[in-house]
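Taking it in order: structure first as structure tokens, then the write-up.
Just so we're clear, the structure is a prediction, and the values are computed from it rather than from any experiment.
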Amino acid sequence: MMNRNQVKASVERCLENGVSAPRLDMTLSDLQDLATRQQLQINAQQQLLASKEQRLRHLKLTDQRQQQQETSEQDRLQQLRENALNQEAKLRRVRAIRGQVEQKRLSNSKLVEEMSR
């Protein structure tokens, strides 16, 4: 009696969950067919999962390469900015020295002019 009540409760739970009630009169052949179909479904799901995992690895690799490339480009841009700033500083120094040289020339030419008088 207890076993029959357990089966009845199990059938009722299946119906509540939207699953058809299991047949209690399945033959060995039916069970083997069911097991084969389920194994095929499992294999298909495993292949799908493997495919999705491979795609995810590919996307992660691509993302990692892209981030490395962006970092490399940012480093290169920073280096170019630093080079530009250094060249501008050198240019200012050269112009300052050129101005000093020009002042010395003018001073020297005035001295030469005064000496020749």
Side-chain angles (χ1 to χ4, degrees):
M1 188 68 164
M2 182 106 151
N3 193 18
R4 189 176 277 176
N5 287 340
Q6 287 173 341
V7 169
K8 186 176 179 182
S10 175
V11 169
E12 288 173 0
R13 272 195 306 274
C14 288
L15 290 174
E16 287 173 3
N17 294 332
V19 177
S20 63
R23 291 180 28 211
L24 300 178
D25 60 343
M26 292 181 80
T27 65
L28 177 59
S29 176
D30 291 340
L31 290 172
Q32 288 173 336
D33 289 344
L34 177 63
T36 302
R37 282 193 306 275
Q38 288 176 341
Q39 188 60 48
L40 290 173
Q41 289 173 345
I42 290 170
N43 291 344
Q45 290 296 323
Q46 285 176 336
Q47 287 178 348
L48 182 62
L49 179 60
S51 172
K52 287 183 178 185
E53 287 173 341
Q54 183 178 4
R55 176 76 177 140
L56 180 60
R57 283 191 301 273
H58 171 72
L59 290 174
K60 283 182 178 180
L61 259 175
T62 302
D63 186 48
Q64 186 180 20
R65 285 186 195 133
Q66 186 176 2
Q67 286 178 357
Q68 287 173 347
Q69 193 174 31
E70 288 173 3
T71 301
S72 178
E73 288 175 7
Q74 288 173 354
D75 291 345
R76 178 79 175 130
L77 285 173
Q78 182 62 33
Q79 185 66 37
L80 289 172
R81 284 186 195 104
E82 290 173 7
N83 288 348
L85 290 174
N86 289 338
Q87 288 177 349
E88 288 173 0
K90 286 179 185 178
L91 183 59
R92 283 192 297 275
R93 285 193 299 269
V94 166
R95 287 180 177 160
I97 292 171
R98 187 181 290 163
Q100 291 173 358
V101 167
E102 193 57 37
Q103 286 176 349
K104 297 284 184 189
R105 268 194 199 137
L106 287 172
S107 176
N108 286 346
S109 66
K110 286 181 184 176
L111 287 174
V112 168
E113 195 178 302
E114 285 180 16
M115 289 175 53
S116 49
R117 286 188 198 168

### Message
Are H58 and Q54 packed together at the side-chain level, in the sense that at least one heavy-atom pair is separated by less than 4.5 angstrom?
### Response
no

CG (D33) and CG (L28) are apart, to the nearest 0.5 Å, by 9.5 Å

dist D63:CG -> R65:CZ (nearest 0.5 Å) comes out at 11.0 Å

Point to revise | Verdict with supporting geometry, L56 and E53, side-chain contact (heavy atoms from CB on, under 4.5 Å) | key: CA-CA 5 Å; L56 180 60; E53 287 173 341; 5.5 Å; no

- Ignoring hydrogens and angles, tell me if any N or O in the side chain of S116 forms a donor-acceptor pair with the backbone of V112 under 3.5 Å. yes

Are E88 and R92 close enough, and set up right, to give a side-chain contact (heavy atoms from CB on, under 4.5 Å), and what steps lead you there? CA-CA 6 Å; E88 288 173 0; R92 283 192 297 275; 3.8 Å; yes

Here the gap from Q66 atom CD to E73 atom CD, rounded to the nearest 0.5 Å, amounts to 9.5 Å

Side chain of T36, backbone of Q32: donor and acceptor closer than 3.5 Å?
yes

- L34 vs R37, side-chain contact (heavy atoms from CB on, under 4.5 Å): CA-CA, chis, key distance, verdict: CA-CA 5 Å; L34 177 63; R37 282 193 306 275; 3.7 Å; yes

So NZ of K60 and OG1 of T62: to nearest 0.5 Å the spacing works out to 12.5 Å

Applying salt bridge (Lys or Arg N to Asp or Glu O under 4.0 Å) to E102 and not counting sequence neighbours gives R105

Give the intermediate values and the outcome of side chain to side chain donor-acceptor pair (under 3.5 Å) for residues Q47 and N43. CA-CA 6 Å; Q47 287 178 348; N43 291 344; over 6 Å; no

Margin query: When you compare the side chains of D30 and T27, does any donor N or O come within less than 3.5 Å of an acceptor on the partner?
Written below: yes

dist T71:OG1 -> Q78:CD (nearest 0.5 Å) comes out at 13.0 Å

(request) For the residue pair N83 and Q87, confirm or rule out a side-chain donor-acceptor distance under 3.5 Å. (result) no

**Prompt:** So do R98 and V101 actually touch side chain to side chain, heavy atoms under 4.5 Å?
**Reply:** no

Task: Min side-chain heavy-atom separation R57-L61 under 4.5 Å - done: no

- Query: Less than 4.5 Å apart, any side-chain heavy atom of Q45 and any of L48?
  - Reply: yes

One should read off an interatomic distance between Q64 CD and L59 CG, to the nearest 0.5 angstrom, of 12.5 Å

